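Heads up, the thing below is written out as structure tokens.
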Amino acid sequence: MTFTAPALEYGALAPMLVIFGAAVIAVIVEAFVSAKLRAPVQLSIALGAIVLSFAQVWRLRGTSTATAAVNSVVVDGPVLFMQGTILILAFFAFLLIADMDAFAAQASAIPGSVEERKALQVGKIQTEVYPLTLFAVGGMMLFPAANDLITLFVALEVLSLPLYLMAGLSRRRRLLSQEAALKYFLLGAYSSAFFLFGAAFLYGYAGDVSLSGIHAAIASGPGNDAFLLIGMISLSVGLLFKVGAAPFHAWTPDVYQGAPTPVTAFMAAATKVAAFGAALRIFYVALSGAQWSWKPVITAVAILTMIVGSVIAIAQRDVKRMLAYSSIAHAGFLLTGVLALNQEGLKASLFYLASYGFTTLGAFALVTLVRDSSGEVTDLNRWVGLAKRSPSVALIFSIFLLSFAGIPLTAGFIGKFTIFTAAYDSGNIGVVVAGVLSSAIAAFFYIRVIVMMFFTDPEEDTVTVTIPSLYTNLTIWIAAIVTIALGVFPTPILDAIASLATFVR
Amino acid sequence: MNLLTSMGALPLLGALLIAFLPAANTKLIKQAAFVISLLVAGVGISAALGFDVNKSGFQYVEKYSWIPALGINYQLGVDGISLILILLSVILVPIVILAGWNESENGRFSVKTFYVLILILETMMIGVFAATDVFLFYVFFEAMLVPVYFLIGGYGTGARQAAAVKFLLYSLFGGLLMLASIIGIFVISGNQIGRTFDIEALSTLQIDSTTQNFLFLGFFIAFAIKAPLWPMHTWLPDAAKSATPGTSVLLLGVLDKVGTFGMIRYCVELFPEASKTFTPLIITLSVISILYGAFLAIGQKDIKGLIAFTSISHFGFITLGIFAMTTQGNSGATLYMLNHGFSTAALFLTAGWMISRRGSSTISEFGGLQRVTPILAWSFFIAGMSSLALPGLSSFVSEFLVLVGTYTRYPVAAIIATFGIILAALYILIPVQKALHGPTTPGNENLPDLNKREIAAIAPVIAVIIALGFYPKPALDIINPAAQATITKAGFSDPAPVVGGDK
Amino acid sequence: MNPTNYLYLSAILFSIGAVGVVVRRNAIVVFMCIELMLNAANLAFVTFAKMNGNLEGQVIAFFTMVVAACEVVVGLAIIVTIFRSRRSASVDDASLLSR
Amino acid sequence: MTSSNLVYLIALPLFSSALLMLLGRKADKWGHIFATLISTSTFAIGAMEFLAMRDRPEESRAVTQKLFTWISVGSFNVDAGLLLDQLSIAFVLLITGVGTLIHVYSIAYMSHDRDRRRFFAYLNFFIASMLLLVLGDSYLNLYVGWEGVGLASYLLIGFWNQKPEYATAAKKAFVANRVGDFGLSIAIMIAFANFGVVSFHGIEEKVGGASETALTAMGLMLLLAATGKSAQFPLQAWLGDAMAGPTPVSALIHAATMVTAGVYLITRSNFVFDNAPNAQLAVVIIGTITLLFGAIIGTAKDDIKKALAASTMSQIGYMILATGFGPAGYAFAIMHLLTHGFFKAGMFLGAGSVMHGMNDEVNMRRYGGLAKFMPITAITFGLGYLAIIGVPPFAGFYSKDKIIETAFNAGGVQGVIFGSAALLGAVITAFYMTRVMLMTFAGNKRWADDAHPHESPFLMWAPMVVLAIGSVASGYLLYSGKAIVKWLAPVVDKHHHEHEEFLQPIVVTSLAIAAVVIGVGIALAKYRGELAASAPQDVSIFTRVARRDLLQDDANEFLFMRPGQKLTQVLVATDEKVIDGVVRGVGASAVGSARGMRKLQTGYVRNYALLILIGALVALVAVLVVSL
């Protein structure tokens, strides 16, 4: 038996290779560069890698789609679009992270211990978050590009493991942060197990781990249907967990609340892109032939997710938890794009992911600005009357909220419109109606926040709005501009998507 | 640049200009806003003068591709119906600014913000009527909510936040249902003629009746909330009670007309068959609205609430006229929209002045105002007479057209609706008796009468009310062809008189 | 022996793991249950490889082990940190985040 | 034939009214003179038109003027057009003539009122509206005038609206009128639906093709309109309260002109009623009921104006009764309308004159023996009195006698019933009018100490004299040679059918005179001599009921107002609790379910895992069940 080294298409893999390479370098930097220089070096490595990687994505945009690394990775239009989106989101996430105020000086120190106080006094900063984030970005880029079950699983873990750790890095309220990390980790691993178990049964059904192989097997239909069904459902549980769909959503609010806000921003924006990217590929490419069996389930999940997200959000008093439920509701809307199973659905999903990513990033970035002496204030009761103190912050946050609510002239509206159109076109009118109704419910709590900020007089006047650092400022403004721009002139993006949006099988 | 776009852009640019004025100089801001709105009104009137009443279809058409990927165009045009409503909007805005010169000063936000919001709202109002692309219409329809929301919540009185939120949520709910229908018709257009939002193209679609019914309902519920039709009306009294009089004028006078306008333009013209199916239901709701609104108006203790409920009654007449599917009904309904705009404006403005003088909006707090403030009292009285459709005033023409137009097809509904005129006498004369007649309530002896600014604001409204009562022809000339076209599109023709043949 | 039996075994192991996660309180034990689930999946992979007559399943099993090892690293790091803060490894104690 | 003058009849007073209103206090000094001049000039125009019309041959006497297209939508075309024919000229002369007299009277009567200018503005507005009512060439134009006079009436009844009960009276009048307007609206709709036109001429041309049902419906609706405006049963209750207005107004609007608009409407619509016998019967019944109703109320009233108002109601009942007999009765209805215009206006002005001298006292129990103090008033009032009770050869004798005769001649049982009722009405009329005469001008002095009765100034008694002359002479002038019948025939009786006679005219006349004698006799027996200064309280139930306007107000209150108020309250509560409650309930249930569902979020990671496990199992089971 001779072993032939597989041919690796370095060109096609370049965007991911750059990121993974940078991540490795960042680990080394963490070990060898002096503490003072570490932060700026890390930041420049990260940003440099992202720019470089994005350049690679840009370079690849015109090339014909190809599979790479022995058919385990596919580089097609949707992948490039999602990778580009993830990179841009990550770029701004790094800017937020660069405002290191959010992170623990020494994550391993016991909260409130002498060590911790010392570390704070000397201004010690650990910068593990950079390599961790880079690894996560790499995993996220790989996840939608994965073309077989092995790569999918590996990518899933590569993107998840750093996030588990990052969730626990918060400087303030560390117990909450650690708890978030624990919950995220345990539940993430639990769902990964489901994913893997599903993957095993799909493999058992098709005798092949590649997505195209599974598609072919379903098309020819010789296998054991029970394997297929168990595999599909089990795999879906893993995916639906990642996208935060009900009833697999329960981690979302806790983790979003507990994690350092920049991490939450990154997680909420970029993970969704990656996870939906993978979900779209799996359902469109591998499982489209078996839609008769999974469509009802996913439909039910989509409707449940919209309703759960929209309804429970009403009762939230913490802005991060509220945004978390909002993200759950949006996961429901995005699932309608998966359900559409047509070209329109893919295009709409891509647009939705991009626009939602920016808005979410901006919204969480903005949350970092509202503080009191002990750090961020996320209790909504204390956001009351914010518009009086800082009208621009309140206004921009309102723009984000309106976009979440899907008011015209914001990106959220175009996203919602296109994705519902796709769903309607494919005959899923029930989902559209459910989506519309839950949008109405959702509007309730978005508007409530606006009312709080603009029309209620504050009782205690302790919340301040920090003058944002240049980085955060830039992020918020860009996010706001993109939110409006994609709402008013979405044409360039829609056209770009239209030219890209075909999955390679 | 095209006329409609300029008309719409002008207030927006004005808002931008005002945003850069010094916030402290409120007088300058007010004057600037007033001048800008006058300019817009000028453009609007010139558009009306240049409108060719003998041409059918849309005029001042302009069309630019906006989001080609979705077949969305920036597409404007007016027919008689939309022109009349635009005219109403642009005339009312300067009047509202002039009448409520000091309304903006006790708000939560600055005076500047108030005028910026008003001018933005004016752009939205022009856009929503001028849009001939359903998507564009929807954008204006929803975006319009934002300035109104801030105007109610920011400058109103009493439970203004709750009212503003109620208004917003109600409207959003309707809007979202409409969105579902818009998506539906958009998809159908894609399957038949290529994806488009052009309403003229959309009206040629062949849609099976079940789908049509659902799509119709999506639009209709949105519009019925907006109009508002019983039983979807409960937001209106709250909003009207809380908003400033000027805002209420724009809210009831113009914004609510988007609902009735939408019923004509979108419900009837796009889904003629479904319109036919739902006509009995809608006629019933309209008649209920007429009587219900009237009874509730009679039962109101708050003068703003009273005016709000009279409007619900009047909107019942308008929808009745629309769904009577006769030229008289439809023309009457459109003319009614115009006249109701003016008479409600007169009522709200005068009531607003009464309230600001007395510091209360409870009717029983007034009394004998005719002796104390005769000009104010007369203005209110004439406004009230217009509201009860006294012949010789503009509302009569429209109300009668609606009733006559309805009678030829639905005599029973018309007869029941006619009871509304008796109730109208009550709901107008009761506040007139309580507020204007009788002995002067202690504390009101020294209320000042209208000043020159206020007279200048109310005089044109009253002049229009009287002028259109005696000579409605200019308005009807503009409206008639469009109303006729609507009826034709809906597949109806007027019932012939029983005794035919002209001798 | 009929390879299907291995699948049953795999399913049973997976179920034990899945239920264990739900019923046990100690974070370490919970984590071990998850490991059990992963290995149940591994067993399934290997069985399917046998049934399908190709090697891919077996390859995946190796990947899984590597990934599981990584998970152990990350997981233990988190659990140890939280244990140090709270002096407890009970997952029920970590329930500050609920509203 | 067309004319361009008609519009001035309306435009002049309208303009004058608007001018006086807009100028405000600036016009206080000369407003009343100006308004009177305008009113006089309308009379002049009317007189000229009349003279010109009289000189033209019978078939071309009608004059029209089209001003502009008022409303034109589809096939619904209404011109702002005027029509002056033999019928309307009679009204024009009455309105402008009596109107001018009352303007003159009011100059003096209102001289102490600070708002005299406003009063004259209203009067001119009324003249304009009333002229539009009788000149409009279509039902819709008529409608404008119809509501215009309603508004004028409202404004004038409530002229002293600082008194709450006056304001209430004004509102009551308007609302009752609106009920009538409801009928007119529906009638116009029926007309349009059936004929496609609403002009009198257009409908008349096509009327033959319409079904009797439609015409009956239209006729009944027109009758409803007439009952509202003309204070006929069951919408008569407002008229008594309308006496709240200044007395000249009661004379002009609530006696001579506006309240007779119902008679005009029915006469004008002769082409409808002539083809709808059932509607005619209804007209007759309503007229009969009202003439008795009003007469009975009149016997019980101590307020001189209310007694006169009840009398007006009753007299209009006679007119309505006459119109119900079709071509046989129209001319007599109009004749009675005109003579009534003279004598009733005259008596109201007399009443005003009495009040003027008695510190605005209206209670006849506080009068007595006034003839000595105000002789001119007593004489003019007396002439009017003789006219109304129908003493030959005073005006009322001719007109009422012909109506009774027409009633008897209607034939059959109906004729007997209606004729007898009309005769009975004559008895009661003689009774209550004699009562008024006696209580006011004869008997003992019962007035308050601070009253100093005196004769009114010239400007007041001059119009009274003119009207008194009319009360004496108009009947003969109108009836000699059947002048009025012939004059109106081209409008109301185109077929000139002769009517059979049930009773010889001489018999009817004898009966009528006998009725008068009986009525006067009873009154003399009862009210001659000393009377108490306050009304006796220990009276029969019948008197009490009559004093309460035969319980019409109570009936209205019981049937409409109370249930209406109750309904309003219920609806207000419904709106608040049920409809808005549902809306709020939806909101509350969303919040509630949010709170409930939030409980799933326990914070325990094991529970979250359980959710995932359950979710997975449910999905798996669902799929397996469905698929396998």
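We name chains A, B, ... by the order of the sequence lines, and we start the count at 1 in each one. Bear in mind the structure is a predicted one, so any value in this text is a computation, not a measurement.
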Given heavy-atom pairs under 4.5 angstrom as the criterion, report whether the side chain, backbone, both or neither of [X] touches chain A.
X: L177(B); answer: both
X: I67(B); answer: both
X: T211(B); answer: side chain
X: F109(B); answer: side chain
X: F135(B); answer: side chain

> Does W66(B) offer a backbone N or O that forms a donor-acceptor pair with the side chain of T491(A) under 3.5 Å?
Replying inline: yes
So, for [X] and [Y], which heavy atoms are closest and what is the spacing to 0.1 Å?
X: Y138(B); Y: P408(A); result: CE2-CG, 3.8 Å
X: G154(B); Y: F455(A); result: N-CE2, 3.4 Å
X: Y424(A); Y: A180(B); result: CE1-O, 4.4 Å
X: L172(B); Y: A443(A); result: CD1-CB, 3.6 Å

Counting only non-hydrogen atoms closer than 4.5 Å, does [X] touch chain B with its backbone (N, CA, C, O), its side chain (CB onward), both, or neither?
X: I497(A); result: neither
X: V436(A); result: both
X: I441(A); result: neither
X: A498(A); result: neither

> Is the F197(B)-F417(A) ring centre distance short of 6.0 angstrom?
Replying inline: yes
> Quick check, are the ring centers of F186(B) and F420(A) under 6.0 angstrom apart?
Replying inline: no
> Do you know which of T410(A), L494(A), D425(A) has the most heavy-atom pairs with chain B at a distance under 4.5 angstrom?
Replying inline: D425(A)
